[in-house]
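Data block below; observations after.
Because the structure is a prediction, the values reported are computed rather than measured.
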Amino acid sequence: MPAALLQLAVVVPTFNERANVIELIARLHALLRDIDHEIIVVDDDSPDGTAEAVREVAREDRRVRVLQRVGRRGLSSACIEGMMTTAAPAIAVIDADLQHDETLLPQMLERLTSESLDLVIGTRNAGGGSMGSFAESRVRLSEAGRTLSRLVTHSELSDPMSGFFMLDRRFLEEVIGSLSGVGFKILLDLIASSARPVRFVEIPYHFRERLHGESKLDVVVGLEYLLLLIDKKIGDLIPPRFVVFGAVGGAGVVLHLAILWALLRLGGQRFLVAQAVAAFVVMTVNFFVNNALTWRDRRLRGRAVMLGLLQFYAACAIGAFVNVRVAAYAIQHGTPWYLAGLAGLLVGSVWNFAVTAATTWRVRRRRRARPAAAA
């Protein structure tokens, strides 16, 4: 008798979800018992041992697999890698925190296949759906995200920030080369990457309370949503990280001038002293802001912070020298002062971004203990 054909893969991105993911796997197996399926947990090297817990289950259950990513973070990229590891014709994405309504999966699969759709999306914002007990600020954030999504999708999605959906593999293969993999909102990335109108339906559901652990949603997630929008609009021309890096640098210029003014006018310091202090303070602030925002997925922690800060100082010092030399060269060749200053600033910023990306925030391999030598 031939083996059953794989019908559905459920991709579950995780970070510190050990307390929830095993319960989710049990629920999925019970729900999908009449559907040939597999569950792919993509874990971003959780400190709480999420991957190890899933691996214990997978040793006795061939329908469960775990992909443990070391040295990289991000929900969107995790989903992409998980989706690309399966041969299933239908792929669902669901959070591990038990807040999504997994009981909709059979209905989503039936509609995806019977109606020849690209996507079936679980929505909290259509009739019958609910955001649950979300704080008003989070509801407003969702509404803002829905409005901004129209800039890149040209679709009337009621919940573009949903992390609960199912898609046809053929649609995935159609858009995979254009995906950004930026941030936490993979659904928007999928739809914005399509060169044609996407065939989709939305199914309302009630967003549940989290049982264990803490929400990953914070201000930085909102920033990464904006990064995705920027990437879809101008990503072919300017990397979205550089946009944020430049914005941090621009805010640093304002801070520099404020400190310089305060030291000169209120503190009575000499110009060179005030300039040096302002530059040191701004470089330090810029480092920590970039570490938290621009390079969030490669954020330095512990002892690596001090080494990274020193590398950042060195890169920015050279960048400042390059800035001045470029501006001076432009002035000497008749360029107006404001264009010369802008040219120096742009070249210096590109230098700082490129060098710190390759040094301060380069992708690091995690050192693992070597196995003890045999006696």
**OP:** Quick one: pull up CZ in Phe321 and CZ in Arg325 and give me the separation to the nearest 0.5 Å.
**Re:** 5.5 Å
Original post:
Val324, Val253: one ILVMFWY side-chain cluster at the under-4.5 Å cut-off?
Top reply: no
Subject >> Where Leu6 and Pro89 come nearest, the two heavy atoms and their spacing >> reply: O-CD, 3.2 Å
Subject >> Working for side chain to side chain contact (heavy atoms under 4.5 Å, CB included), residues Met166 and Val10 >> reply: CA-CA 9 Å; Met166 187 180 295; Val10 183; over 6 Å; no
Original post:
If you group Ile, Leu, Val, Met, Phe, Trp and Tyr by side-chain heavy-atom gaps below 4.5 Å, do Ile176 and Val11 land in one group?
Top reply: yes
**OP:** Could you walk me through whether Met83 and Val93 pass side chain to side chain contact (heavy atoms under 4.5 Å, CB included), step by step?
**Re:** CA-CA 8 Å; Met83 291 188 290; Val93 172; 4.2 Å; yes
Subject >> Salt-bridge present (Arg69, Asp43; N to O < 4.0 Å) >> reply: no
**OP:** Considering non-hydrogen atoms only, spot the tightest contact between Ala92 and Leu105 and give its length.
**Re:** CB-CD2, 3.8 Å
Original post:
What's the verdict on side chain to side chain contact (heavy atoms under 4.5 Å, CB included) for His29 and Arg63, showing C-alpha distance, side-chain angles and the deciding distance?
Top reply: CA-CA 9 Å; His29 280 332; Arg63 298 171 298 176; 3.5 Å; yes
Subject >> Test salt bridge (Lys or Arg N to Asp or Glu O under 4.0 Å) applied to Glu38 - qualifying residues, sequence neighbours left out >> reply: Arg65
**OP:** State, yes or no, whether a side-chain contact exists between Asn352 and Ser349 at a heavy-atom distance under 4.5 Å.
**Re:** no
Anything under 3.5 Å between a donor and an acceptor, one on a side chain of residues 283-293, the other on a protein residue two or more places apart or in another chain? List them.
residue : atom : partner : partner atom : Å
Thr284  : OG1  : Phe280  : O            : 2.8
Thr284  : OG1  : Tyr313  : OH           : 2.6
Asn290  : OD1  : Thr294  : OG1          : 2.6
Asn290  : ND2  : Asn286  : O            : 2.9
Asn291  : OD1  : Leu300  : N            : 2.9
Asn291  : OD1  : Trp361  : NE1          : 2.8
Asn291  : ND2  : Leu300  : O            : 3.3

**OP:** May I ask you to decide whether Glu174 forms a salt bridge with Arg170, counting only side-chain N to carboxylate O separations under 4.0 Å?
**Re:** no
Original post:
With sequence neighbours excluded, what pairs up with Glu173 under the salt bridge (Lys or Arg N to Asp or Glu O under 4.0 Å) test?
Top reply: Arg169
Original post:
Are Trp351 and Phe242 near enough that their ring centres are under 6.0 Å apart?
Top reply: no
**OP:** Check for a donor-acceptor pair, side chain of Thr85 on one end and backbone N or O of Gly82 on the other, with a separation under 3.5 Å.
**Re:** yes
Original post:
Counting only N and O atoms by type, is there a donor-acceptor contact under 3.5 Å from the side chain of Arg33 to the main-chain atoms of Ala30?
Top reply: yes
Original post:
Residues in ring pair (Phe, Tyr, Trp, His ring centres under 6.0 Å) with His100, at least two apart?
Top reply: Phe164, Tyr205, Phe207
**OP:** Check whether the side chains of Asn20 and Glu23 place a donor and an acceptor atom closer than 3.5 Å, and report yes or no.
**Re:** no
Subject >> salt_bridge(Arg196, Asp118) N-O dist < 4.0 Å >> reply: yes
Subject >> Side-chain donor or acceptor of Arg199 paired with backbone N/O of Ser116 under 3.5 Å >> reply: yes
Original post:
Nearest 0.5 Å, what's the CZ-CD1 distance between Phe165 and Ile91?
Top reply: 9.5 Å
Subject >> Distance (rounded to the nearest 0.5 Å) between Ile39 CD1 and Asp61 CG >> reply: 7.0 Å
**OP:** Enumerate the residue pairs fulfilling side chain to side chain donor-acceptor pair (under 3.5 Å) with a member in residues 247-261, sequence neighbours excluded, ordered by first and then second residue.
**Re:** His256-Gln275
**OP:** Go through the steps to decide whether Thr359 and Gln311 satisfy the test side-chain hydrogen bond (donor to acceptor under 3.5 Å, both in side chains), and finish with yes or no.
**Re:** CA-CA 7 Å; Thr359 56; Gln311 291 173 333; 4.8 Å; no
Original post:
Is any side-chain N of the basic residue among Arg18 and Asp48 closer than 4.0 Å to the acidic one's carboxylate O?
Top reply: no
**OP:** Would you check if there is a donor-acceptor pair between the side chains of Glu17 and Thr50 at a distance under 3.5 Å?
**Re:** no
Subject >> Within one Ile-Leu-Val-Met-Phe-Trp-Tyr cluster: Phe312 and Val347, side-chain cutoff 4.5 Å >> reply: no
**OP:** Classify the angle between the aromatic ring planes of Phe353 and Trp295 as parallel (below 30°), tilted (30 to 60°) or perpendicular (above 60°).
**Re:** parallel
Original post:
Atom CD1 of Ile94 and atom CG of Leu24: how far apart are they, to the nearest 0.5 Å?
Top reply: 5.5 Å
Original post:
Does Gln68 reach the main-chain N or O of Val42 with its side chain, forming a donor-acceptor pair under 3.5 Å?
Top reply: no
Subject >> Euclidean distance, Met108 CE relative to Leu117 CG, rounded to 0.5 Å >> reply: 11.0 Å
**OP:** Compare every heavy atom of Ser194 with every heavy atom of Val175, then report the nearest pair and how far apart it is.
**Re:** CG1-CA, 3.8 Å
Subject >> Counterpart residues, ring pair (Phe, Tyr, Trp, His ring centres under 6.0 Å), relative to Phe171 (two or more places apart) >> reply: none
**OP:** Any chance you could lay out the salt bridge (Lys or Arg N to Asp or Glu O under 4.0 Å) test for Glu102 and Arg208, step after step, and finish with the verdict?
**Re:** CA-CA 11 Å; Glu102 73 284 345; Arg208 302 168 179 157; 2.8 Å; yes
Subject >> Option among Ile191, Leu190, Val201, Ile203 that satisfies the side-chain contact (heavy atoms from CB on, under 4.5 Å) test with Ile121 >> reply: Ile191
Original post:
Do you know the tightest heavy-atom contact between Pro106 and Leu31?
Top reply: CD-CD2, 3.9 Å
**OP:** Consider only side-chain heavy atoms of I, L, V, M, F, W and Y, link residues closer than 4.5 Å, and tell whether Val322 and Tyr329 are in one cluster.
**Re:** no
Original post:
So Leu263 and Val277, side chain to side chain contact (heavy atoms under 4.5 Å, CB included) or not? Walk me through it.
Top reply: CA-CA 9 Å; Leu263 291 175; Val277 171; 3.7 Å; yes
Original post:
Between atom OG1 of Thr86 and atom CG of Leu67, what is the distance when rounded to the nearest 0.5 Å?
Top reply: 12.0 Å
Original post:
Heavy-atom distance under 4.5 Å between the side chains of Val12 and Ile40, does that happen here?
Top reply: no
Original post:
Do side-chain atoms of Thr335 reach the backbone of Ile331 as a donor and acceptor pair under 3.5 angstrom?
Top reply: no
Original post:
If every non-hydrogen atom of Asp36 is compared with every non-hydrogen atom of Leu5, which pair is closest and at what distance?
Top reply: CB-O, 3.3 Å
Original post:
Between Gly122 and Ser162, what is the shortest heavy-atom contact and its length?
Top reply: O-OG, 2.7 Å
Original post:
Are Ile186 and Met84 joined in one hydrophobic group, where the rule is that I, L, V, M, F, W and Y side chains link up if heavy atoms are under 4.5 Å apart?
Top reply: yes
Original post:
Is there a donor-acceptor pair under 3.5 Å between the side chain of Asp159 and the backbone N or O of Arg124?
Top reply: yes
